[in-house]
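Sequence lines set the chain letters: A, B, ... in the order given, protein chains first and strands last, and positions in each chain run from 1.
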Amino acid sequence: MTMLTVLPCDRLVELMPDLLDDPELLSIEEMDHVAQCLRCQAEMARFRRLRRTLASLRLRPVPADPGILDDLLEGLDSAAERRERHRIASRRAASIVGLAAATAAGVGGVLALATRRRSA
Amino acid sequence: MAPVAAADVTRLGSNEMGTLVAEARDGDRGAFDALVRRTWADTYSLAFRLTGNAEDARDVCQEAYLRAYRGLRRFRGDARFTTWLYRITANCASTQLGRRRRHRHEELDEDLELSDLSPSIDPVGRSESASLRDAVQKALAALPPKLRAVVVLRDIYDLSHEVIAAELGISVSAAKVRLHRARHRLRDDVFLRSEAEGRTHDDVDRPAM
């Protein structure tokens, strides 16, 4: 009995999608089988063609409505405006908090001074 | 401005893109707009291929650029800007598809049985024809979204298993399993089913004998 009849083509075909990423998945015996088996070679060729065709799609953009670009830029404008408003509001809030803290400290200082003078 | 195809984006060179990214990261809105103009067609194509429809693709695209704009300071530049943008787009598409599923209560038919069609001999690789490309695009569109996402990101956009898994929120082994199943289904649809229907892509471009 030859190796060709022993090795199951179905099992190798099942492995073929993974061979595209890792050609070393096959044992030496399995590689020998593929080298001699027309069916396995044909299946491998199909998966390779499939992958090449998929890769070629990368260079072919899907037709898009040119208005999308305007929408994208408008969306970014709105986001930038929101961010700026938030930044200004945060800065204003920080100033108010700082002013309040300074006022509180000042009042506290005056009170402390007054208390010390009174007790003296 | 006319859309710029992926090939042209590549031709622009990493230096020019790198300069724009650096300027945009320093807060130059004009530079970020220039990046959008140069990449939107490619980003939209990815979004469309992942979601399978124009409306979702538009939303995903918008969300992806907003996230990129907000997160640009965190982009370290150790990957290409376009790759970083693909990752964001994949993540947005995954979120969008999840939202759609919840709204529509749709079950993804990932466990559909494959047809038992007999394989036949295929001549070894030749240049890809337009009809083969069309068949592949149709088969891609017919895949369940979860399978389509991995094969699009891996075989069209060349992202690694690890990146795909991270952006889709699945394990690396799950990403590999989905890719395996997606490739098998595409092969069935493109080569075996068309053959069973009397068409064959195996003979495309075969020289007259």
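- For B/V151, the part lying near chain A is the side chain, with the backbone staying farther off; criterion is any non-hydrogen pair under 4.5 Å.
- Contact check on B/R154 versus A/D21 returns a salt bridge, with a Lys/Arg side-chain nitrogen under 4.0 Å from an Asp/Glu carboxylate oxygen.
- Of the two parts of A/D65, the backbone and the side chain both hold a non-hydrogen atom closer than 4.5 Å to a non-hydrogen atom of chain B.
- Of the atoms belonging to B/L140, it is side-chain heavy atoms, and not backbone ones, that fall under 4.5 Å from chain A.
- Judged by the 6.0 Å and 45° rule, B/R29 forms a cation-pi pair with B/Y69.
- Salt bridge status for B/K138 with B/D134: absent, with no side-chain N to carboxylate O gap under 4.0 Å.
- Both the backbone and the side chain of B/Y65 have a heavy atom closer than 4.5 Å to some heavy atom of chain A.
- Distance alone, capped at 3.5 Å, places no donor-acceptor pair between the B/Y44 side chain and the B/V60 backbone.
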